[in-house]
> 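Attaching a single structure in structure tokens format; questions to follow.
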There are 2 protein chains.
Amino acid sequence: MPADRSQGGRPTISEVAAEAGVGRATAARTLGGYGYVSPELRERVLAAAEKLGYRTNALARSMSTGVSHTLGVILADIGNPFFAGVMRGISDASRARGFDTIVLSTYERLDEEVAATDVLIDKRVDGVIIASAAVGRDEVKHIRAAMGRGIPIVLVDRAVTPLDLDTVVIDNRGAAREAVEVMISAGHRRIGFVWGPSSVSTPVTRRALLETARNVWTDGERLRGYLDALDDARIPLDPELVMTGPKTEEWATQEVARMLALPDRVTALFCTETDAVTGALRAVRAAGLSCPRDISLIGFDDSAWAAVMEPPLTMIEQPVRQLGAKAAEVLLDVLDGGEPRHEVHTLSSRLITRASVAPPGKGTFYSQQSKP
Amino acid sequence: MPADRSQGGRPTISEVAAEAGVGRATAARTLGGYGYVSPELRERVLAAAEKLGYRTNALARSMSTGVSHTLGVILADIGNPFFAGVMRGISDASRARGFDTIVLSTYERLDEEVAATDVLIDKRVDGVIIASAAVGRDEVKHIRAAMGRGIPIVLVDRAVTPLDLDTVVIDNRGAAREAVEVMISAGHRRIGFVWGPSSVSTPVTRRALLETARNVWTDGERLRGYLDALDDARIPLDPELVMTGPKTEEWATQEVARMLALPDRVTALFCTETDAVTGALRAVRAAGLSCPRDISLIGFDDSAWAAVMEPPLTMIEQPVRQLGAKAAEVLLDVLDGGEPRHEVHTLSSRLITRASVAPPGKGTFYSQQSKP
DNA sequence: TGGGATGCTGATACCGGTATCACGCGGAGG
DNA sequence: CCTCCGCGTGATACCGGTATCAGCATCCCA
């Protein structure tokens, strides 16, 4: 006997059929909206269903059709406004096409990501959208396994190089480069990179930085963009100006404080995430400096707050919802029978210029005689 | 024949049994972890499962057990940081107890809420958590229907008075009252209420305000708290100081601008949501006024940004994740066989005092000779 | 008026698990 | 030595849908 679930008023198709005085198949055809049923019987079935308050059991339907009309979504953290926005895009787009979503957060832990994939496979979702923390060849086994089971997968926000999958991202590298270029053309040469490489052994080399930045794809890309801009302007990388360690607001404050205390201190800060921005701002305030007079700043992820800051902050705006919506769309298209294109869809971000960048001020330790 | 789903490597329990050379039931007992199986056969089954890459079909299991280990969550907007935080709490707490979650957003539309409830019933979730937009007796039919089907339901963030359900909220009224009291004791008497009643016919009466504020429970409670504080201080309600109309940042800016242009203008603003805060701040800036010299401000929903504003903003912090976690916990407890207690769990919020409240400044139109 | 085509309906075999129960086997007791 | 009991195992009937197909009724036409 199945477990004791009080069947409190959950009539089955058989009961509806009995009530209507027709065969089970006829009731099923009517309620399922397939096959033919004469208007008269259809009417009787509908009436019976209405009377009994019949609701079709989606589980049973999925069992038999093999389709669950459910998408799985694996994100770093649903509580993070960025991912919440992405999720909203996914949610809206899939709901519009009759799909619901199961969300799982990984907190950037690979084991959680693997577990999440398993859960979704078990629950027989029709497709999966992942913002993966995986990077190396040996970290993508779970994704390969899911693909092997024939589950369509779309990557969002983060590309995973060893995988040939549809991917929806923004041009993180280009966006970072543009932001840093803006600072450089304002005259800055001591530009801090806040947030990113999560841990690194000192002394820090360029290679080591890029190595650990691989932890999360976006971080690596943004670091690369920062380096691109530096390279173009022939400004040598100073590892002291790159934050390492845990990616928390508190640590960002510490690191920026350190960069501010350097003999040849930073005059501009490039922050790769919103918590990095607030963390940096705290350090700037604590040092008694003011933005943009003493310190210029540009950060990733615009928000309503950034616009009402004093000064209004120049920020990089990501098309958060579209990121999610596009990912869902691509996935649903292959579920609708379309061929997976395995291409990278790059949505465009936008640098919103406000007032947090100015030429490096006087009264700073900035030395004018750096190499040309 | 079931639809053509390429069964690419999704072995069933029968195939595992065949591979292991045992009966289906024995394989099922081993893999399902119930009943007895001799160590020897168990070993063979496990090996076969491993070899074939067997994963149990959660759908089939749910069909037969009647339990899906899935919770349904209905929120106003998963893209809103507040609800994202609540969702994270729900998600973490349920995952810790083996449950996954399907999230649906309603955007405060009752029809969406009803549709969402239906979806969740159809998908046979084991329980539902709702931040409902429903208020009146005739607006809760869908919830009653779900209850009638024996689905445990817990309300989060918003109470629904006509329903006797477990409910997890904060003391919105008390929190609002406290915030307004702080402003009053700083000397303010012209205090604006930003965000809330969504539409109202002019002339606006106290009754009409409370009537429309019923749209969303939290709005109503916060308005009541505002009135409480006013009443205690014997400050008459001036409807001109209560924002009405659409709840958008832009409209908040407009409304605050209006209140600022009043002959006897506001000297303090109480904002019931974070977008209301940023909207209000925009208007304050545009009017060339400064906070807290000319205008004091307190808002709901603290964030990292509020702390780095100039000045740092005094805000009400809600225990966002705990709100979700507690709701999930209560729900899971009844799923574990506990009796529903039908009680209201009130978590405590906290007024974080920073620097956005000061006595009404000179140079304002504030009249000292209001009634005592 | 008989034969075939066509139209509707209801039996029934799935889907992949869970849970009950009957059966066969070996050991203990009479 | 036979019976009874217990244990481990495999058959099998569910869960609630979908989808196939047989079968009966009707209709058309020769």
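Side-chain atoms are counted along with the backbone in the values below, which use heavy atoms only and exclude waters and symmetry mates. Every chain is numbered from 1, with letters handed out A, B, ... down the list of sequences.
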> Using distance alone, with no hydrogens and no angle criterion, decide if B:Thr70 and A:Lys123 have a side-chain donor and acceptor under 3.5 Å apart.
yes
> How would you list, by chain and number, every residue that makes a ring-ring contact (aromatic ring centres under 6.0 Å, His included) with B:Tyr54, sequence neighbours excluded?
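For B:Tyr54 there are no ring-ring contact (aromatic ring centres under 6.0 Å, His included) partners, ignoring immediate neighbours.
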> Does the side chain of B:Ser68 pick up a donor-acceptor pair with the side chain of B:Asp126 at under 3.5 Å?
yes
> For the side chain of A:Ser38, counting heavy atoms from C-beta on, which of C:dT9, C:dG10, D:dG17 is nearest?
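The listed nucleotide nearest to A:Ser38's side chain is C:dT9.
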> For the pair made of CD in B:Glu43 and C1' in D:dG8, what is the distance, rounded to whole Å?
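Distance, rounded to whole Å: 17 Å.
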> In this structure, how many angstroms lie between the P atom of D:dC14 and the CZ atom of B:Arg24, rounded?
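About 14 Å, once rounded to whole Å.
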> For C:dA19 and B:Tyr36 - does any side-chain N or O of the residue sit under 4.0 Å from the phosphate oxygens OP1/OP2?
no
> Identify which nucleotide among D:dA19, C:dG16, D:dT9 has an atom closest to any side-chain atom of B:Met63, counting heavy atoms from C-beta outward.
C:dG16
> Would you mind reading off the distance between A:Leu52 atom CG and D:dG16 atom P, rounded to a whole angstrom?
13 Å
> Rounded to whole Å, how long is the line connecting atom CD1 of A:Ile121 with atom P of C:dG16?
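Distance check: A:Ile121 CD1 to C:dG16 P gives 16 Å.
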> Rounded to whole angstrom units, what separation is found between the CZ atom of B:Arg29 and the C1' atom of C:dC21?
11 Å
> For the pair made of NZ in A:Lys123 and C1' in C:dG17, what is the distance, rounded to whole Å?
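Roughly 15 Å, once rounded to whole Å.
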> Under the salt bridge (Lys or Arg N to Asp or Glu O under 4.0 Å) rule, collect the residues that match up with A:Asp166, sequence neighbours excluded.
none
> Distance check needed: C:dC8 C1' versus A:Arg42 CZ, whole Å only.
13 Å
> Of the candidate nucleotides C:dG16, C:dG10, D:dG17, which contains the atom at the shortest distance from the side chain of B:Thr12?
C:dG16
> Whether A:Tyr34 contacts D:dT18 is assessed here as follows: a side-chain N or O lying under 4.0 Å from the phosphate OP1 or OP2. Is that the case?
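So the side chain of A:Tyr34 is within the cut-off, an N or O lying under 4.0 Å from OP1 or OP2 of D:dT18.
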> Any idea which of C:dT9, C:dT18, D:dG17 is nearest the A:Asn57 side chain?
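Nearest to the side-chain atoms of A:Asn57, counting from C-beta on, is D:dG17.
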> Considering only NZ, NE, NH1 and NH2 on the basic side and carboxylate oxygens on the acidic side, decide whether B:Arg158 and B:Glu108 come within less than 4.0 Å.
yes
> To the side chain of B:Ile13, which of D:dT9, D:dG17, C:dT18 is closest?
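Of all the options, the side chain of B:Ile13 is nearest to C:dT18.
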> To the nearest Å, give me how far apart CD (A:Glu15) and C1' (D:dC15) are.
12 Å
> What nucleic acid atoms does B:Leu41 come within less than 4.0 Å of, heavy atoms only: base, sugar-phosphate, or nothing?
sugar-phosphate
